[in-house]
**Student:** 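Structure in structure tokens, see below.
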Amino acid sequence: MSRYVIEKSKLIENIEILKNKAGVPLIGVVKGNGYGFGIKEFTAILKECGIKTFAVTEVTDIPVLKEVLDNEDILIMRSTCIEKEAKIIAENGCIATIGSAEACAVMNRTSAKLGVKTKCHLKIDTGMGRYGFMPSEVSKAIDCYQAENLEFIGAYTHFSDAFGNTELTKSQLVLFKDTMKQIENAGYNVGTLHCANSPALLNVEDVCLDSVRLGSAFTGRVITRSKTKLNRIGLLEAEVIETKTVPAGYSIGYMGTFKTTKKTKIAIVPFGHYDGFGLTQDKEEISFHYVLSVFKQFLQKKKTYVKINGRMFRVIGKIGLSHTAVDITGSDVSIGDIASADISPLLINPRIERIYK
């Protein structure tokens, strides 16, 4: 049976490295099933390490977080104009994101019906193009502070390319700070300000404000321009469940795309596409360089490997939904040995068990 194994000590080490790097309180972003680490387990460890605020994008994550949190804050990191979502946020005492006049009206009206005052963070769109008031709409943003049933305790923006564009990131920060200044000049307290996410913290200097939002950095799987001390965490594992020897010219896997050239010993490992093995993350932008890299991989006939007993073995044949064939010719690999693959937790099926060691 396959499982995704996470070394708890290395995760804690990453958390401490990032706390020291940021120098300000961290917001633990646990969206996407805790970035694939399992939202409950991941959140519990972040809480153990002193993190006091957690962030998700979906209201369906609120009950799960409530199971492991006590008085910690839960920030919903997207603006919503859907009344039933606003109701869930307000009645659970979560922090709402307000990124439009419509979202403000819905949250204010819903809070009034519930007889509560909902805490909010204002969202400014400085170039991501999703949620948030554009800086040119600052007057609309200022109007939100007058909502009787909302309490604004913070504000933030989201950097669109902290992975690779330092100048753009810094210009977004300047734009955000200028917008906050205009709100303060109007007589309002903007509260806790946060802009930097994982790639911004690790790639761009002087972008940390009152807090930093981190998710992928905890896993050690974030794009950086220079090497960090972060541990790359997470392995897909399963025992070898069968071995067999086949003759030369024997077809392996669907459509017979692979044929052995000699007598070959193979091992069957019970993980495949269902588990996340053999999948690749889609590119958000198709560029010339991306097309070129794919072409190079085609020419080089890029191979896939799994590790068994400390050694890398080649996958042969097409990877199946739940099984993979591996060439173990000339080795002492046997049934019960553990096979592992280094896979991003975001690609792992949420139903696969997460095991913390």
**Student:** Please tell me if the side chains of Thr324 and Phe277 come closer than 4.5 Å, counting only heavy atoms from C-beta onward.
**Tutor:** yes

**Student:** Can you get from Val207 to Leu168 by hopping between Ile, Leu, Val, Met, Phe, Trp and Tyr side chains that sit under 4.5 Å apart?
**Tutor:** no

**Student:** Give a yes or no on whether the backbone of Gly99 and the side-chain of Ser79 come within a donor-acceptor separation of less than 3.5 Å.
**Tutor:** yes

**Student:** Would you say Glu83 and Arg109 make side-chain contact, with heavy atoms under 4.5 Å?
**Tutor:** yes

**Student:** Any donor-acceptor pair under 3.5 Å linking the side-chain atoms of Thr166 with those of Arg225?
**Tutor:** yes

**Student:** Would you indicate whether the side-chain heavy atoms of Leu173 and Leu209 approach each other to under 4.5 Å?
**Tutor:** yes

**Student:** Looking at every non-hydrogen atom in both residues, tell me the closest pair between Leu26 and Lys19 and how far apart they are.
**Tutor:** CD1-CG, 3.5 Å

**Student:** Would you give the length of the straight line joining atom CD1 of Ile95 to atom CZ of Phe54, rounded to the nearest 0.5 angstrom?
**Tutor:** 12.0 Å

**Student:** List for me each residue that meets salt bridge (Lys or Arg N to Asp or Glu O under 4.0 Å) alongside Lys31, sequence neighbours excluded, and say none if there are none.
**Tutor:** none

**Student:** With sequence neighbours left out, write down each residue that passes side-chain contact (heavy atoms from CB on, under 4.5 Å) with Ala86, or none if nothing qualifies.
**Tutor:** Val106, Met107, Thr110

**Student:** Does any N or O in the side chain of Arg314 come within less than 3.5 Å of the main-chain N or O of Thr304, such that one atom is a donor and the other an acceptor?
**Tutor:** no

**Student:** Can you tell if the side chain of Ile233 reaches within under 4.5 Å of the side chain of Asn14, non-hydrogen atoms only?
**Tutor:** yes

**Student:** Side-chain contact test, heavy atoms from C-beta onward, threshold under 4.5 Å: evaluate it for Lys265 versus Lys244 and give yes or no.
**Tutor:** no

**Student:** Please list, chain by chain and in numerical order, all residues satisfying salt bridge (Lys or Arg N to Asp or Glu O under 4.0 Å) with Glu41, sequence neighbours excluded.
**Tutor:** none

**Student:** I'd like to know if the side chain of Ser331 reaches the main chain of Ile328, judged simply by a donor and an acceptor atom lying under 3.5 Å from each other, with no hydrogens or angles considered.
**Tutor:** yes

**Student:** Any salt bridge between Lys21 and Glu16, counting N to O under 4.0 Å?
**Tutor:** no

**Student:** Do Glu85 and Thr80 have side-chain atoms, one donor and one acceptor, less than 3.5 Å apart?
**Tutor:** yes

**Student:** Where is the tightest heavy-atom contact between Ser211 and Thr192, given as atom of each residue plus distance?
**Tutor:** CB-CG2, 4.2 Å

**Student:** Enumerate the salt bridge (charged side-chain N to carboxylate O under 4.0 Å, His left out) contacts for residues 158-185, please, sequence neighbours excluded, ordered by first and then second residue.
**Tutor:** none

**Student:** Just wondering, do Ile124 and Met180 contact through their side chains at under 4.5 Å, heavy atoms?
**Tutor:** yes

**Student:** Which residues pass the ring-ring contact (aromatic ring centres under 6.0 Å, His included) test with Phe159, sequence neighbours left out?
**Tutor:** none

**Student:** Walk me through it: do Tyr35 and Val30 pass the test side-chain contact (heavy atoms from CB on, under 4.5 Å)?
**Tutor:** CA-CA 6 Å; Tyr35 274 83; Val30 292; over 6 Å; no

**Student:** Treat each ILVMFWY residue as a node, draw an edge where side-chain heavy atoms are under 4.5 Å apart, and state whether Leu235 and Ile352 are in one component.
**Tutor:** no

**Student:** With clusters defined by side-chain heavy atoms of hydrophobic residues (ILVMFWY) lying less than 4.5 Å apart, directly or transitively, does Ile62 cluster with Leu69?
**Tutor:** yes

**Student:** I need the minimum non-hydrogen distance between Ile89 and Ala96, along with the two atoms involved.
**Tutor:** CG2-CB, 3.9 Å

**Student:** Thr245 and Thr264: side-chain contact (heavy atoms from CB on, under 4.5 Å), yes or no, with the steps?
**Tutor:** CA-CA 6 Å; Thr245 301; Thr264 303; over 6 Å; no

**Student:** Rounded to the nearest 0.5 Å, how far does CG of Leu230 lie from CG of Leu202?
**Tutor:** 6.0 Å

**Student:** Quick check against the 3.5 Å criterion: does Asn197 have a side-chain atom that pairs as donor or acceptor with the backbone of Ala200?
**Tutor:** yes

**Student:** What pairs meet the salt bridge (charged side-chain N to carboxylate O under 4.0 Å, His left out) rule with one or both residues in residues 253-264, with sequence neighbours excluded?
**Tutor:** none

**Student:** Who pairs with Arg221 by salt bridge (Lys or Arg N to Asp or Glu O under 4.0 Å), at least two apart in sequence or on another chain?
**Tutor:** Asp342

**Student:** Do Ile12 and Ile45 have side chains that approach each other closer than 4.5 Å (heavy atoms only, starting at C-beta)?
**Tutor:** yes

**Student:** Considering non-hydrogen atoms only, spot the tightest contact between Val204 and Ala162 and give its length.
**Tutor:** CG2-O, 4.2 Å

**Student:** Who pairs with Ala339 by side-chain contact (heavy atoms from CB on, under 4.5 Å), at least two apart in sequence or on another chain?
**Tutor:** Val269, Ile308

**Student:** Going by heavy atoms in the side chains, are Ile153 and Cys120 under 4.5 Å from each other?
**Tutor:** no

**Student:** For Glu48, give me all partners under salt bridge (Lys or Arg N to Asp or Glu O under 4.0 Å), at least two apart in sequence or on another chain.
**Tutor:** Lys8

**Student:** Nearest heavy-atom pair of Thr260 and Pro247: which atoms, and what distance?
**Tutor:** OG1-O, 2.7 Å

**Student:** Applying the 4.5 Å side-chain criterion to the ILVMFWY set and letting contacts propagate, would Ile355 and Val68 be lumped into a single cluster?
**Tutor:** no

**Student:** What is the ring orientation for Phe37 with Tyr356, classed by angle as parallel under 30°, tilted 30 to 60°, or perpendicular over 60°?
**Tutor:** perpendicular

**Student:** Within the distance-only criterion (no hydrogens, no angle test), does the side chain of Tyr4 pair as donor or acceptor with the backbone N or O of Ile343 below 3.5 angstrom?
**Tutor:** yes

**Student:** Given 3.5 Å as the limit, does a donor-acceptor pair link the side chain of Ser340 with the main chain of Glu237, or not?
**Tutor:** no

**Student:** Output, in order, the C-alpha distance, side-chain angles, deciding distance and verdict of side-chain contact (heavy atoms from CB on, under 4.5 Å) for Lys52 and Lys47.
**Tutor:** CA-CA 7 Å; Lys52 302 294 185 184; Lys47 176 185 170 185; over 6 Å; no

**Student:** For residues 144-152, which side-chain N or O atoms pair as donor and acceptor with protein atoms under 3.5 Å away, sequence neighbours left out?
**Tutor:**
residue : atom : partner : partner atom : Å
Asn149  : ND2  : Asn108  : OD1          : 3.2

**Student:** Heavy atoms only: give me the nearest Asn203-Ile223 pair and the separation to one decimal.
**Tutor:** ND2-O, 3.0 Å

**Student:** Tell me whether Ser2 contacts the main-chain N or O of Phe271 through its side chain, where contact means a donor paired with an acceptor under 3.5 Å.
**Tutor:** no

**Student:** Under the side-chain contact (heavy atoms from CB on, under 4.5 Å) criterion, do Leu122 and Val190 qualify, and how do the steps go?
**Tutor:** CA-CA 8 Å; Leu122 187 75; Val190 294; over 6 Å; no

**Student:** Are Met128 and Leu193 connected, step by step, through hydrophobic side chains (Ile, Leu, Val, Met, Phe, Trp, Tyr) whose heavy atoms are closer than 4.5 Å?
**Tutor:** no

**Student:** Is Lys357 paired with Glu7 through a side-chain N to carboxylate O contact shorter than 4.0 Å?
**Tutor:** no

**Student:** Determine yes or no for a side-chain-to-main-chain donor-acceptor pair under 3.5 angstrom, with Thr97 supplying the side chain and Ile76 the backbone.
**Tutor:** yes

**Student:** Ignoring hydrogens and geometry, is there a side-chain-to-backbone donor-acceptor pair from Asp337 to Ser334 under 3.5 Å?
**Tutor:** yes

**Student:** Could you list the cluster mates of Ile316? Members are the ILVMFWY residues connected by side-chain heavy atoms closer than 4.5 Å, either directly or through other members.
**Tutor:** Ile241, Val246, Tyr250, Ile252, Phe258, Ile266, Ile268

**Student:** Could you check whether any side-chain N or O of Arg213 sits under 3.5 Å from a backbone N or O of Ala55, counting only pairs where one atom can act as donor and the other as acceptor?
**Tutor:** no

**Student:** How many angstroms lie between atom OG1 of Thr224 and atom CG of Leu201, to the nearest 0.5 angstrom?
**Tutor:** 11.0 Å

**Student:** What pairs meet the side-chain hydrogen bond (donor to acceptor under 3.5 Å, both in side chains) rule with one or both residues in residues 117-127, with sequence neighbours excluded?
**Tutor:** Ser111-Thr118, His121-His194, Thr126-Thr157, Thr126-Gln172

**Student:** Using a strict threshold of under 4.0 Å (side-chain N to carboxylate O), is an ion pair present between Lys66 and Glu72?
**Tutor:** no

**Student:** Report, as yes or no, whether the 6.0 Å neighbourhood of atom OH on Tyr305 holds more than 12 heavy atoms from other residues, nucleotides or ligands.
**Tutor:** yes

